**Student:** 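Just dropping this structure here.
Quick caveat: nothing in here was measured; it's all calculated off a predicted structure. The figures that follow rest on heavy atoms only: side chains count, while hydrogens, waters and symmetry mates do not. We count residues from 1, following the sequence as given.
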Amino acid sequence: QVRLVESGGGLVQPGGSLRLSCAASGRRFSLNAMGWYRQAPGKQRELVATITSGGNTNYADSVKGRFTISRDNAKNTVSLQMNSLKPEDTAVYYCNAEGLDTSWGTDFRSWGPGTQVTVSS
């Protein structure tokens with residue numbers, strides 16, 4: 001199975017920055033699209049940013065110009081640089097990846113356990 005683990009969450013003041021990272025591990029696999037989602041208390045999970053294997057990106061309107069998603073295909077990682085953070089960015093952030101498990105020849109879609117980001121003064 002392909003597993004994802006996030007890191008980099010924490011407490012930051014408004015206007016500050018954080019960098020989230022996600023590492024994928026497994027026996028044999030290839031990754032297609034990867035992305036970041038977030039969920040605040042009492043709200044639905046929402047898309048933050050996605051990136052294809054070729055490097056094409058898209059962002060939620062609320063984070064455009066502030067967040068940047070990137071990936072390292074050689075290391076099977078995806079990162080999210082978050083600048084100019086606002087209190088409304090407070091949420092649990094989840095890493096997502098989809099691709100092919102080449103050990104079994106099957107598609108997969110995996111989620112990490114999430115990491116808390118709190119923006120507060």
**Student:** Please walk me through it: do Ser17 and Asn83 pass side chain to side chain donor-acceptor pair (under 3.5 Å)?
**Tutor:** CA-CA 4 Å; Ser17 298; Asn83 299 326; 2.9 Å; yes
**Student:** Would you say that Arg109 contacts Asn96 through its side chain, given a criterion of any heavy-atom pair below 4.5 Å between the two side chains?
**Tutor:** yes
**Student:** Closest approach of Ala24 and Leu31, non-hydrogen atoms and distance?
**Tutor:** CB-CD1, 4.2 Å
**Student:** Hey, does Thr118 have a side-chain heavy atom less than 4.5 Å from the side chain of Val12?
**Tutor:** no
**Student:** Check this for me, if you would: do Asp101 and Arg27 make a salt bridge, where the nitrogen-to-carboxylate-oxygen distance has to be below 4.0 angstrom?
**Tutor:** no
**Student:** Do you know which two heavy atoms are closest between Asp89 and Arg66, and how far apart they sit?
**Tutor:** OD2-NH1, 2.8 Å
**Student:** With rounding to the nearest 0.5 Å, note down the distance linking CD1 in Ile69 to CG in Asn56.
**Tutor:** 12.0 Å
**Student:** Assess Arg38 against Tyr94: is NZ or CZ under 6.0 Å from the centre of the six-membered ring, and within 45 degrees of the ring's axis?
**Tutor:** no
**Student:** Using 4.0 Å as the upper bound for N to carboxylate O, is an ion pair formed by Lys64 and Asp61?
**Tutor:** yes
**Student:** Without swapping roles, check the side chain of Thr115 against the backbone of Ser7 for a donor-acceptor pair under 3.5 Å.
**Tutor:** no
**Student:** Please work out which of the three classes, parallel, tilted or perpendicular, describes the rings of Phe108 and Phe29, given edges at 30° and 60°.
**Tutor:** perpendicular
**Student:** Taking only residues at least two apart or on different chains, which pairs with a member in residues 34-66 satisfy ring pair (Phe, Tyr, Trp, His ring centres under 6.0 Å)?
**Tutor:** Tyr37-Trp111
